Amino acid sequence: MTVKYRLAAALMTCTLLLAGCGRRADSEAPTVPTGTGTTVSQTAEPETTDSRPSDTQTTGARTTAGSETARTRTAGTTTASSAASGSGTQSAQTTAQQTGPSDKKLAAAKEKCDRLLKALQTAQSDAKAVQQSLTAALDQQRAAEQAYQSYRNEHQSDLDRYGQGSLGFFSFVGAEDAVKVLKTAKYASSTKPGEESDATSLTNMAKSFDLMRECNQLRAKNGLKPLVVTDRLMAIAQSNLNWSDGHIDHSRQFNVGENLSWNYGDPFDGWYEAEKATNGGHYLNIINKDYLTTGFAVCTAGRSKKYTVSHGQVFSFSAEQTFTVDQYEKRFRSYSDSISAIQKEMETRRKAAEAKKKQAASLSASLKQKQQAIEQAETAYQQALAACETLGAGR
């Protein structure tokens with residue numbers, strides 16, 4: 001039997017019991033004893049006068065007996081009336097004492113059942129609403145996770161390439177000679193492609209453009225043409241510097257001119273400003289009119305354990321494909337920004353999926369609480385229902 005119909009049956013029983021409380025009818029008339037020991041009814045038939053002659057003594061006796069009988073009847077009637085009146089009052093008081101409090105308890109029990117049933121129904125309704133929200137949240141979580149994973153799979157090759165730093169950039173632009181430098185140089189093992197502190201990291205590579213501009217500004221002061229940039233020389237500068245960062249010396253892997261510095265904020269303070277008066281080798285490399293191309297690198301690995309930053313610039317006399325510093329930076333930024341956009345979008349999708357997961361977890365916890373509330377409400381209701389039925393059965 002469902003909770004709803006069980007309550008209906010119990011309440012119907014209680015209602016019927018309440019309707020019959022205090023109703024009792026007795027058809028039997030009370031009797032009282034007479035003075036002579038004879039039981040006489042309250043309602044007496046009229047006395048018949050005997051017309052036969054009799055002696056005075058007999059007549060007197062009869063008259064006396066009749067008077068005594070009348071008095072007896074009167075007394076009997078009064079006694080019966082008093083007895084009936086007393087009995088009725090006592091019965092009413094007893095009924096009131098017995099049924100009054102019990103009726104109130106039953107009514108209170110019925111009211112409590114009604115209240116607890118409503119509480120149970122409310123708890124069930126709340127749980128249903130949370131369940132619906134949870135179902136929707138789980139669907140959204142799955143959709144968000146699928147969107148994230150799908151986007152990641154679509155751009156996985158881009159992300160892998162981005163993780164390789166300048167090596168990935170050279171591969172993307174088709175600079176096979178630069179890729180070969182990083183992979184096959186004598187000290188290629190010193191290069192950790194893509195590591196944040198390595199000269200090949202895109203972060204450190206991005207720092208080189210302003211320094212190459214500074215070099216060209218110093219050349220311009222000496223009436224010289226600006227140096228142009230090649231992918232191969234950029235790769236040579238990075239490979240050389242990754243070894244020199246830890247050895248404080250020139251690697252001499254390639255036949256190029258080279259300037260190195262360790263722990264300078266601006267390497268041109270030493271290369272140009274400090275050596276200008278003495279025509280030092282670094283200064284002469286900068287103002288060499290025969291140099292046409294350059295490459296630049298920055299390393300923050302601190303492999304020597306003495307210095308935290310090192311700089312390296314290489315110079316050459318010719319090259320097949322060249323770019324101005326501005327052109328090269330634009331080319332680099334286009335690549336870097338496209339990968340950054342992919343990373344940003346992927347992170348946005350990851351966070352969206354994570355947010356949906358947290359929302360679903362919160363709703364799941366809420367649903368658990370709602371289910372516990374249902375169990376508590378069900379227990380309270382069943383206890384109240386049982387109490388109501390017990391009161392009804394005792395009537």
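Treat the numbers as computed from the prediction; the structure is a model and nothing was measured. Index from 1, following the sequence.
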When you compare the side chain of [Y] with that of [X], does any pair of heavy atoms fall below 4.5 Å?
X: L284; Y: N288; answer: no
X: N204; Y: K207; answer: yes
X: V229; Y: T322; answer: no
X: K112; Y: L385; answer: no
X: L167; Y: K183; answer: yes
X: F315; Y: V256; answer: no
X: L292; Y: F317; answer: no
X: N259; Y: P267; answer: no

Going by atom types alone, do [X] and [Y] pair a side-chain donor with an acceptor below 3.5 Å?
X: N285; Y: H282; value: no
X: E196; Y: T203; value: yes
X: Q343; Y: E347; value: no
X: Q321; Y: D231; value: no
X: S166; Y: Q238; value: yes
X: K357; Y: Q141; value: no
X: T200; Y: N242; value: no
X: E195; Y: S201; value: no
X: D160; Y: Q156; value: yes

So, are [X] and [Y] salt-bridged, with charged N and O less than 4.0 Å apart?
X: E176; Y: K180; answer: no
X: K110; Y: D114; answer: yes
X: D198; Y: R303; answer: yes

Going through the distances and angles, do E145 and Q149 end up as a side chain to side chain donor-acceptor pair (under 3.5 Å)?
CA-CA 6 Å; E145 289 175 342; Q149 194 59 49; over 6 Å; no

Which distance, rounded to the nearest 0.5 Å, do you find between the [atom1] of [X] and the [atom2] of [Y]?
X: L134; Y: L367; atom1: CG; atom2: CG; result: 6.0 Å
X: Q359; Y: L363; atom1: CD; atom2: CG; result: 5.5 Å
X: Y151; Y: L159; atom1: OH; atom2: CG; result: 8.0 Å
X: S338; Y: Y162; atom1: OG; atom2: OH; result: 9.5 Å
X: F169; Y: M234; atom1: CZ; atom2: CE; result: 8.0 Å
X: L260; Y: H247; atom1: CG; atom2: NE2; result: 13.0 Å

Measure across [X] and [Y] and return the closest heavy-atom pair with its distance rounded to 0.1 Å.
X: A360; Y: L138; answer: CB-CD2, 3.7 Å
X: L116; Y: A380; answer: CD1-O, 3.4 Å
X: D177; Y: R232; answer: OD2-CB, 3.5 Å
X: F254; Y: V181; answer: CZ-CG1, 3.8 Å
X: G312; Y: A237; answer: O-CB, 4.2 Å
X: G168; Y: Y335; answer: C-OH, 3.6 Å

According to a hydrophobic-cluster definition based on side-chain heavy atoms being under 4.5 Å apart (Ile, Leu, Val, Met, Phe, Trp, Tyr only), do [X] and [Y] belong together?
X: L233; Y: M212; value: no
X: F332; Y: L241; value: no
X: V325; Y: L202; value: yes
X: L182; Y: M205; value: yes
X: Y272; Y: F209; value: yes

Exam field: side chain [X] to backbone [Y], donor-acceptor pair closer than 3.5 Å:
X: R219; Y: K225; value: yes
X: T191; Y: P193; value: no
X: T390; Y: A386; value: yes
X: S366; Y: S362; value: no
X: N216; Y: L227; value: yes
X: S133; Y: A129; value: yes
X: Q164; Y: G194; value: no
X: S334; Y: K330; value: no
X: Q313; Y: T294; value: no
X: D245; Y: G302; value: yes

Parallel, tilted or perpendicular for [X] and [Y], by the 30°/60° rule?
X: W271; Y: F268; answer: perpendicular
X: F296; Y: H311; answer: perpendicular
X: F323; Y: Y328; answer: perpendicular

Step through the shown structure and confirm whether more than 12 heavy atoms of other residues, nucleotides or ligands are within 6.0 Å of CG on N255.
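No, CG of N255 has 12 or fewer neighbouring heavy atoms, counting only those of other groups under 6.0 Å.
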
Are more than 12 heavy atoms, taken from residues, nucleotides or ligands other than E154, located less than 6.0 Å from that residue's CD atom?
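Counting neighbours around CD of E154, more than 12 heavy atoms of other residues, nucleotides or ligands fall under 6.0 Å, so yes.
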
Are N263 and T308 close enough, and set up right, to give a side chain to side chain donor-acceptor pair (under 3.5 Å), and what steps lead you there?
CA-CA 6 Å; N263 232 35; T308 58; 3.3 Å; yes

Verify side-chain contact (heavy atoms from CB on, under 4.5 Å) between D126 and T122, making sure each step is shown before the conclusion.
CA-CA 6 Å; D126 290 346; T122 298; 3.8 Å; yes

Might you work through the side-chain contact (heavy atoms from CB on, under 4.5 Å) test for Y187 and Q253, ending with a clear yes or no?
CA-CA 8 Å; Y187 300 121; Q253 296 183 108; 3.2 Å; yes

Establish, for the pair R161 and F172, whether the NZ or CZ atom is under 6.0 angstrom from the six-membered ring centre and no further than 45 degrees off its axis.
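No, R161 does not sit over the ring of F172.
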
R350 and E345: CA distance, side-chain angles, deciding distance, salt bridge (charged side-chain N to carboxylate O under 4.0 Å, His left out) verdict
CA-CA 9 Å; R350 186 194 68 78; E345 177 63 21; over 6 Å; no

